[in-house]
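Numbering of ligands and ligand atoms starts at 1, following listing order.
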Amino acid sequence: MPNDPDGAVTWAEAVAAAAKRLAAAGVASPRVDAELLAAHVSGLRRARLLVADGPDAARRAEFDALVARRATREPLQHLTGSAAFRYGELAVGPGVFVPRPETELLVDWALAHLPEGGTVIDACSGSGAVAYSIATERPDARVWAVEVDPDAFEWLESNLEGTGAVPVLADAVASGTLAELDGQVDLVTANPPYVPFEIEVAPEVDFDPSGAVYAAEAGLAVIQPLAVRAANWLRPGGWFGFEHDDTHGTVAPEILRVSGFTDAEDHDDLAGRPRFATGRLGLLP
Ligand SMILES: C[S@@+](CC[C@H](N)C(=O)[O-])C[C@H]1O[C@@H](n2cnc3c(N)ncnc32)[C@H](O)[C@@H]1O
């Protein structure tokens, strides 16, 4: 084949060569990423790639170009334009944070604490992963999604279209934001920026907007005022759950306690690292 630098003829061979290249570049899941890129280019399901004919020259060139970009550690989701999250697919790309699988645990917790017909505010909504999941998995809920970055907000608006969730372009910690809901909300969720500036991150994280990832004050600059804002939004007995850095396993529940929450608890992710904290707004005496 003329454009066949590694001698691969079938999709299976092209994927094997790409997986080798991605492994050498330090990609954490080289085989899966190679298969997903091949599925994206070919339009085939991953399982079909093993038995499919080889790509034509144009598709092979497209695949090679995407593999080359992935080898520079550009996130897979930017290359395919979408991120799988729970039962949905979110459109993502430059300007918006790529949703991470560990955030699905926060959604599990939220769904278990959402009363029938409940009202939810998802603060720091980004692509809308959390708000989208709650709105589509619990159509009885009324969901608002608050995002401050206008670029991310464009992705949020389009991802939430048709879900019934309401996108709001605003600073979630400002006292006027959704003030009309003060004292009435059943559940507040947030995956805010929380990485302390000094922490070293994987190269893929450099493609996320820095305002989505990092926060001053050792990673707590958004979390602290957000706990206060959440306490104002919630009705007594309502719940707040937020994701945090794995160095915040002790301080996160403490922030909840000093902000008026009871039942403050921290939860690990599937790797056993402290990942999100939850609490219930104290009931009125
Ligand atoms: C870690 S990303 C999470 C996005 C999404 N919730 C998710 O889990 O994939 C944090 C998001 O919060 C937004 N953000 C940061 N500070 C904010 C604030 N004060 N009010 C609203 N959104 C904020 C960022 O622009 C970014 O989109």
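Salt-bridge check for R45 with E35: failed, with every basic side-chain N at 4.0 Å or more from each acidic carboxylate O. For R275 and D268, the salt-bridge test fails: no basic side-chain N is under 4.0 Å from an acidic carboxylate O.
The six-membered or imidazole ring of W233 lies away from that of F240, with a centre-to-centre distance of 6.0 Å or more. Between F276 and H267, the ring centre distance stays below 6.0 Å.
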Pairwise, report which nitrogen or oxygen atoms of ligand 1 are under 3.5 angstrom from protein nitrogen or oxygen atoms, and how far apart they are.
from, atom 1, to, atom 2, distance (Å)
ligand 1, 6 (N), C124, O, 2.9
ligand 1, 6 (N), S125, O, 3.4
ligand 1, 8 (O), N191, ND2, 2.8
ligand 1, 19 (N), D171, OD1, 2.8
ligand 1, 20 (N), A172, N, 2.8
ligand 1, 22 (N), V148, N, 3.3
ligand 1, 25 (O), E147, OE2, 2.6
ligand 1, 27 (O), E147, OE1, 2.7
ligand 1, 27 (O), E147, OE2, 3.4

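Within the structure, the ring pair (Phe, Tyr, Trp, His ring centres under 6.0 Å) test picks out the following pairs touching residues 111-165 (sequence neighbours left out): W109-H113, H113-W239.
Nearest approach of L156 to G126, heavy atoms of both residues: CB-O, 3.2 Å.
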